[in-house]
Amino acid sequence: MNKPQANAPKEASEATCRAHGYLHGQLPKETGEDFELARRGFIATIPDAKSLNEAGFPVWDMSAFSFIEEGSPAPATVNPSLWRQAQLNSIHGLFKVSESIYQVRNFDLSNLTFIEGKTGIIVIDPLISSETARTSLALYREHRGQRPVVAVIYTHSHVDHYGGVKGVLSDEDIARGDIRIIAPEGFLEEAVSENVLAGNAMGRRATYMYGALLPRGPKGHVDAGLGKTVSLGQVSLVPPNEIITHTGETLNVDGVEIVFQLTPDSEAPAEMNFFFPQMKALCMAENCSCHMHNLYTPRGAQVRDAKSWSHYIDEAIDIFGGKTEVLFASHHWPRWGRDVAIAFLEKQRDMYKYVHDQTLRLANHGLTPIEIAEEIALPPTLASEWYTRGYYGTLNHNAKAVYQRYLGWFDGNPAHLHPLPPVDAAKRYVEFMGGPAAVLRKARECFDKGEYRWVAEVVNHLVFSDPANADARHLQADALEQLGYQAESGPWRAFYLTAAMELRNPRPASPTPRPGAAGQVRTLPVERILDSLSVRLNGPKAGARHFAFNLGFTDTGETFLLSVENGVLHHRRDRIDPKADASIKLTRMGLADIVLREKTLADLVAANTASVEGNGKAFDDLVELLDVFDFWFEIVMP
């Protein structure tokens, strides 16, 4: 039996302390400027920025990070540069950005911005959770008055920029339909694609990336780099009713003029910057924040286009730079002054372009993505700024992302073209290396030398060949933990430490799948719900079976033909098949209840909320062919 203390986090090793000491000499000079900017315009906050859900459980509580004191030295278990970012991201409250522009910062992963119009307020990016958005709105109104929300702007399609919308809009507001909800072209499609079609896998990986399961403390989660962490409240989505389709498009919203710049395939597939001429204020969405962002996000998403990203920043400088007096974004703190804003934008622009150009330069010399990531370094002019450091994205994995975008996952070496799957390869590696005892002995020797990357790579084979080998799991955890302590990137730290925790404390197997939250499915339009079913259809089980159903939605007036053939599910708007298995009338919410396995078609018929003509049993058969994903699938073990 393992001793209980073997499951607990360890101290920083001598090798980790040496790594921190070396890093100190490489960091930019500390002037205190960022701390001044992060506090500028402070109005008020509430204790610990706490937000509670209906059951009284805190979905956001900064008291968990009270161990991070401004000016305190970094613990040995935290990268000193990340510790500095964690101090900055602990400054929370309501801030005045400029006349008529206010932000609530660090009440969630992202910022919530309020623009004051003639009769009410425009809300920009209502956070992840309804609870944190509601708390932020209450704080604003406490100090600025009971102004109604007249519009919501989603800057882009990531959940931390729309998920809390029902915290600023009531059901009555939504039903009334007079609130302007503005988003970039492609927003809804990309929000669904990223958070629903791949939502289960991405959500599970996000628990690693944001340290959601880690204890808060010097040996656990300290910061996500982009913000403190993610809130754990109710996620919602209200579809936009106004779409921005081109750069230069201008709207007048409650007396506030807004000039938009579309930036697709930048930080998100659907994103936009915008400028407020009356206030001389430029919102850069999430295209410019106070660090190096992700070209590839470790939670999983489409690789981003560094070249386009750089181009859009340059375009923003060209269109808006000469008129900008204040620059703000959806994360971190603003910058004031035209020259300061332009200098910041120029270096952000060149950072992404440099990663793009130099990766391809080295790729054209024949270097592989791993080799490029080891060689590439920012030039001194870029490396000298705190806001180009890899607190979220890293130069290492961003270079690999550029390679992937242009050349794909294959590095050209045929030995990597068709490798064995992890478990099969692991068993053979262990056998070749002399068996489990020999691998452990040699790996412990490397661990004592501080060779943690190598230990993690080697012992991973031993874990995958025999996950019941507790000694292997614990040595792997120890190596990953030291890598986490050394990581400057918040997500890298969280990945390493979460993996260590799960290796030391394996989650008991469940006899049934444990799906993730269904909140977003309930708010989707019908077509998007149907689209999400296509990735749940178990093709091998469907086999040669054929289904066809005419679906009519009594609440939306829409009709769809839902069919399955060749193991593929299709849906077609405004189509009817006279030979369909059944014609079904139901509501959008009824469909959501069925696909979430919370009700059956028979339940809806019994409740008089659905009707069926034809073979309703065939629809039940189709539902049985839909996989239910398990949110808690294994990552660091087979």
- Task: For N89 and L226, work out which heavy atoms get closest and say how close.
- Result: ND2-C, 4.3 Å
- Task: For N79 and S81, indicate whether the former's side chain and the latter's backbone hold a donor-acceptor pair under 3.5 Å.
- Result: yes
- With a 4.5 Å limit on heavy-atom distance, are the side chains of W386 and L27 in contact? yes
- Message: To check you understand the geometry: which heavy-atom pair defines the closest contact between A281 and I101, and what is its length?
- Response: CB-CD1, 3.5 Å
- When you check the gap from the basic side-chain N to the acidic O, do R493 and E488 get nearer than 4.0 Å? no
- Query: With a 4.5 Å heavy-atom cut-off, do R39 and W333 have their side chains touching?
  - Reply: no
- For the residue pair H331 and H161, is the inter-centroid distance of their aromatic rings smaller than 6.0 Å? yes
- Message: For N273 and N287: C-alpha separation, side-chain torsions, deciding distance, then whether side-chain hydrogen bond (donor to acceptor under 3.5 Å, both in side chains) applies.
- Response: CA-CA 8 Å; N273 303 325; N287 285 318; 3.0 Å; yes
- Item | Side-chain touch D350/K347, heavy atoms, less than 4.5 angstrom | no
- Is there a side-chain contact between L37 and R335, using heavy atoms and a 4.5 Å cut-off? yes
- Query: Using the benzene-type ring in the case of Trp, are the ring centres of Y352 and Y354 under 6.0 Å apart?
  - Reply: no
- Query: Do W309 and H356 have ring centroids that are under 6.0 Å from one another?
  - Reply: no
- Message: Is it the case that the side chain of Q261 and the backbone of M272 share a donor-acceptor pair, with hydrogens and angles ignored and the cut-off at 3.5 Å?
- Response: no
- Message: Quick check against the 3.5 Å criterion: does K228 have a side-chain atom that pairs as donor or acceptor with the backbone of A86?
- Response: yes
- Whether R389 side chain and P28 backbone form a donor-acceptor pair below 3.5 Å: no
- Item | No-hydrogen, no-angle side-chain donor-acceptor test under 3.5 Å, Y140 and E116 | yes
- Item | Validation row: P264, E185 side chains within 4.5 angstrom (heavy atoms) | no
- Query: Should the pair R204-E502 be classified as a salt bridge under the 4.0 Å nitrogen-to-oxygen rule?
  - Reply: yes
- Message: What's the separation between atom CD1 in I182 and atom CG in N241, rounded to the nearest 0.5 Å?
- Response: 8.0 Å
- Message: Using a 3.5 Å distance criterion without hydrogens, assess whether the side chain of W336 forms a donor-acceptor pair with backbone atoms of V97.
- Response: yes
- Could you tell me which non-hydrogen atom of S130 sits nearest to which non-hydrogen atom of S236, and how far apart they are? OG-OG, 3.7 Å
- Message: Determine whether a donor-acceptor pair (N or O, by modelled atom type, separation under 3.5 Å) exists between the side chain of N53 and the backbone of G233.
- Response: no
- Message: Evaluate T229 against H221 for side-chain contact (heavy atoms from CB on, under 4.5 Å), listing each step before the verdict.
- Response: CA-CA 9 Å; T229 185; H221 184 72; 3.5 Å; yes
- CE of M292 to OH of Y387: how many Å apart, nearest 0.5 Å? 12.5 Å
- NE2 on H156 to OG1 on T263, rounded to 0.5 Å: 9.0 Å
- Item | Close side-chain approach of P58 and S51, heavy atoms under 4.5 Å | no
- Message: Looking at Q26, I'd like to know if its CD atom is crowded, meaning that more than 12 non-hydrogen atoms belonging to other residues, nucleotides or ligands lie closer than 6.0 Å.
- Response: yes
- Task: Would you mind checking if R40 and E33 are paired as a salt bridge, meaning a charged N to carboxylate O distance below 4.0 Å?
- Result: no
- Message: Parallel, tilted or perpendicular: which one describes the rings of H293 and H291, with boundaries at 30° and 60°?
- Response: perpendicular
- Are the side chain of N111 and the backbone of H332 linked by a donor-acceptor contact shorter than 3.5 Å? yes
- In this structure, SG of C283 is separated from CZ of F328 (nearest 0.5 Å) by 4.5 Å
- Y485: side-chain hydrogen bond (donor to acceptor under 3.5 Å, both in side chains) partners, not counting sequence neighbours: E481
- Message: Testing the 3.5 Å rule here: is there a donor-acceptor pair between the side chains of H158 and E190?
- Response: no
- For the atom pair CZ (R141) and CG (L94), what is the distance rounded to the nearest 0.5 Å? 13.0 Å
- Using 4.0 Å as the upper bound for N to carboxylate O, is an ion pair formed by D305 and R405? yes
- Task: Evaluate the side-chain proximity of T135 to I46: yes if any heavy-atom separation is below 4.5 Å, no if none is.
- Result: yes
- Salt-bridged, D34 to R84, with N to O below 4.0 Å? yes
- Should S129 and L232 be marked as a side-chain contact (heavy atoms from CB on, under 4.5 Å) after you check the CA-CA gap, both sets of side-chain angles, and the distance that decides it? CA-CA 7 Å; S129 302; L232 302 174; over 6 Å; no
- Query: So do F114 and I124 actually touch side chain to side chain, heavy atoms under 4.5 Å?
  - Reply: no
- Query: Between S308 and H311, do the side chains contain an N or O donor and an N or O acceptor separated by less than 3.5 Å?
  - Reply: no
- Note on the structure: Sorted by chain and number, sequence neighbours left out, side-chain hydrogen bond (donor to acceptor under 3.5 Å, both in side chains) with R205 holds for Y296
- To the nearest 0.5 Å, tell me how far S98 OG sits from Q278 CD. 11.5 Å
- Message: Treating S231 as the side-chain partner and V59 as the backbone partner, does any N or O pair qualify as donor plus acceptor under 3.5 Å?
- Response: no
- Message: Determine whether a donor-acceptor pair (N or O, by modelled atom type, separation under 3.5 Å) exists between the side chain of S489 and the backbone of Y392.
- Response: yes
- Task: Compare every heavy atom of A38 with every heavy atom of R105, then report the nearest pair and how far apart it is.
- Result: NH2-O, 3.3 Å
- Would you say the side-chain atoms of T247 pair up with the backbone N or O of L262, donor to acceptor, closer than 3.5 Å? yes
- Which of parallel (below 30°), tilted (30 to 60°) and perpendicular (above 60°) describes F187 and Y162? perpendicular
